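Data first, discussion second: the structure below is written as structure tokens.
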Protein chains: 2
Amino acid sequence: MRNKISLKDIAKAVGVSTALVSYVLNNREREARVSPETAKKIREAAKELNYQPNQLAKSLKSGKSLAIGLILADISNPFFGHLARTIEDESKKKGYTVIVGSSDENYKNSERLMNTFIERQIDGFIIAPAEGSEAQLKYLNELNIPFVLIDRYFKEIESSYVVIDNFRATHDATAKLLELGHQNVAFVCYNNQLQHTIDRYNGYSKAMEEAGKKVTSKLLCKVKFNNPGDFHLKFRNLMTKGNKIDAVLFSTNTLSTLGLKTLMDLGIKIPDEVAVFCFDESESYDLFYCPVSYVSQPLKEIGQRAVQILVEMIGAKSGFHRQVILNSELVIRESCEKR
Amino acid sequence: MRNKISLKDIAKAVGVSTALVSYVLNNREREARVSPETAKKIREAAKELNYQPNQLAKSLKSGKSLAIGLILADISNPFFGHLARTIEDESKKKGYTVIVGSSDENYKNSERLMNTFIERQIDGFIIAPAEGSEAQLKYLNELNIPFVLIDRYFKEIESSYVVIDNFRATHDATAKLLELGHQNVAFVCYNNQLQHTIDRYNGYSKAMEEAGKKVTSKLLCKVKFNNPGDFHLKFRNLMTKGNKIDAVLFSTNTLSTLGLKTLMDLGIKIPDEVAVFCFDESESYDLFYCPVSYVSQPLKEIGQRAVQILVEMIGAKSGFHRQVILNSELVIRESCEKR
DNA sequence: CTATACTGCTTAAACGTTTAAACTAAGTAT
DNA sequence: ATACTTAGTTTAAACGTTTAAGCAGTATAG
């Protein structure tokens, strides 16, 4: 059916061996001493026949696929969508193709994706790991397949990663809220053991401690992943049970969006009745009645650094790891004012 | 560096030929009459050595890569992110891997992606085409590479596609606004020649005509792509130059978000001063002070049908095309009320 | 005791590349 | 005349699979 043109077809058309065609089309005619006329004929024939090299065969020969496997926690989450975009751009610059997969925060999916990608001989991975994927990452290490974690990492796993200083991000956001005079600053996070969740909690907790505040369960809201019902139940409880909360720090972008919506539904005025600090940028904030304060992650830099490190690792003969911790930025707007 | 295990390694370990190993690991031991003991030994060795088949070599041999190239107009746009998700899910079910690329609405990028994917021997494409990509699609047809267009299509290109009835969508939304008693219904769209833009305009225009309304330039706002400056200039003009506009229909999700934000910035009350109808669902709407009416596209079905058709096309010996036009749904909420 | 069939395996070619090595024909140096 | 160089090309093996064809050796049928 499909008219696939190979080196052999060009060779036949011109009347030379495939070797010559290969040399010419890889611009190695000089070192292979191909005559200019032959080279010209080969190039013309290649164009004429719409030749497209078979990257699979090349990869098989070279052992390099020039492909990077990107495993996102959730491709439909714009945070990861933007990250994917920067990673694609940077990879393109370095001559790599990106194969994207979404684990949907499920380590089983992630494992299947990993195997699919390994079978396709990708040269390395960039991964936003789901909870519970430690074993898989160890496995990658055993196989000597280079990978870089983004957004999240595991303390006990030897690996390269590019993340932000999550402790500092929530610490500074909390301190800002306290500095503005808020008394009862609540913290909303997911109920998981991912390091960035822990770090963000610790940052909040430390800032509270420094201000002489006690973190009680009345200030905490830990909700299940991918479970809006659980969120609504717990967050409504937090905000309506007379806990006197006058400020809330949300620790992820999904929690931020859910939280703002719930506050709006509850008719709680921001910032008059409660101040709000969100995590990550979102187009949604643009439509909120009150300009939203948030922790801004350097998405572009995360993507670029991850690709750069991965490409270095792929090129290196001996394994090494590089850890990058970037700074985030507080974007302070009306939502965290003290009224 | 990387410890890649091949059939040969297993064959050596067990003391048989690679052929036997291949038969066993493909569960074809019966037809190849491999003895149960040998088969067992082979499986054990494969497990022991962590064997992962080389899909590249398989594809080279079979001429099938079991991979689908997905070219999105913009991966950071959640509309396409969600679509990508359903396409990945459905492809997985059918045994295909998806390779995603984002053209960023630029046909040059799209062309480069296409070539990269062809070189990787993808079996077919799913494409949300950028403006100006007609020539590339014709080229795909020449090469007999199956593809399915989504979201957009071209009248003059023979192809399969899965789209919604855009004419009907805007027609019905406009009719709804008129039925509610709005007099001057404005229409905001991109200034391009993509069929879905034209269809959406025609739907609006027809509904206006049916109501005995004339569509004048005072009601139209055609803005440049990827150019918020142009949008703000023209849309502000539209809304503030005494055009008496009492309802606006936005024709894409990006225009909807930009529009809502601008209306909010201008202090124009929705729906009291102006009614609003948006296109596509968005998390952002959740945070808008007024529940937003919108045209809801069946994302899941679009993705599923696209994959199903593509897989059929890949499997067919002779070329065929299938066009699917799905219905969208109007979600009517407060934003389009007549006050 | 000779065909024939079956069992359990190996061989070898092929997919589309790359690339070291070999080959031929001509030119140059001694 | 002989050896060596150079230019321009071909040959062939290799990457990791698949699979048709072949080959022993044993079992069964007549």
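Below, read A as the first sequence line, B as the second, and so on, with proteins coming before strands; counting in each chain starts at 1. As the structure is a prediction and not an experimental result, all values here were calculated from the model.
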Got a list of protein N/O to nucleotides 16-18 of chain D N/O distances below 3.5 Å?
| from | atom 1 | to | atom 2 | distance (Å) |
| --- | --- | --- | --- | --- |
| D:dT17 | OP1 | B:Y51 | OH | 2.8 |
| D:dT17 | OP1 | B:N54 | N | 3.1 |
| D:dT17 | OP2 | B:L7 | N | 2.8 |
| D:dT17 | O5' | B:Y51 | OH | 3.3 |
| D:dT18 | OP1 | B:N26 | ND2 | 3.2 |
| D:dT18 | OP2 | B:S22 | OG | 2.5 |
| D:dT18 | OP2 | B:N26 | ND2 | 3.1 |
| D:dT18 | O2 | B:K61 | NZ | 3.2 |

Give every pair of a protein N or O atom and an N or O atom of nucleotides 5-7 of chain D that lie under 3.5 Å apart, one pair per line with the distance.
| from | atom 1 | to | atom 2 | distance (Å) |
| --- | --- | --- | --- | --- |
| D:dA7 | N7 | A:R33 | NH1 | 3.4 |

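A salt bridge links A:D74 with B:R85: at least one charged nitrogen is closer than 4.0 Å to a carboxylate oxygen. The existence of a salt bridge linking A:R152 and A:E131 is excluded, since no basic side-chain nitrogen approaches an acidic carboxylate oxygen closer than 4.0 Å. A salt bridge between A:E31 and A:R28 is present, with a side-chain N of the basic residue lying under 4.0 Å from a carboxylate O of the acidic one. Ion pairing between a basic and an acidic side chain is recognised when a charged N comes within 4.0 Å of a carboxylate O; A:E44 and A:K40 show such pairing.
Atom CG of A:L20 and atom P of D:dA12 are 16 Å apart (whole Å). A:N27 has its CG atom 13 Å from the P atom of C:dT19, to the nearest Å. The nearest whole Å value for the distance from the CG atom in A:L25 to the P atom in C:dT19 is 14 Å. When rounded to the nearest whole Å, the span between CD1 of A:I42 and C1' of D:dG8 equals 11 Å.
Taking each heavy atom of B:E88 and A:V100 in turn, the nearest pair found is OE2-O, 3.2 Å. Across all non-hydrogen atoms, the minimal contact from A:V324 to A:R305 is CG2-NH2, 3.8 Å.
Contact annotation for B:T38: backbone-only contact, meaning every heavy-atom pair under 4.0 Å involves sugar-phosphate atoms and none involves a base.
When only modelled atom types and interatomic distance are considered, B:R112 and B:N115 share no side-chain donor-acceptor pair under 3.5 Å. Checking A:S59 against A:Q55 by side-chain atom types alone, a donor-acceptor pair falls below 3.5 Å.
Under the side-chain contact (heavy atoms from CB on, under 4.5 Å) test applied with B:I150, the options B:I127, B:I87, B:L299 reduce to a single match, B:I87.
Centroid-to-centroid, the aromatic rings of A:Y153 and A:Y161 come within less than 6.0 Å.
Terminal axes of the helix from C:dC1-D:dG30 to C:dT30-D:dA1 (five pairs each, C1' rotation axis) are separated by 70°, to the nearest 10°.
Distance alone, capped at 3.5 Å, is enough to place a donor-acceptor pair between the B:S65 side chain and the B:Q121 backbone.
Taking side-chain N and O atoms only, B:S35 has a distance below 4.0 Å to OP1 or OP2 of C:dC9.
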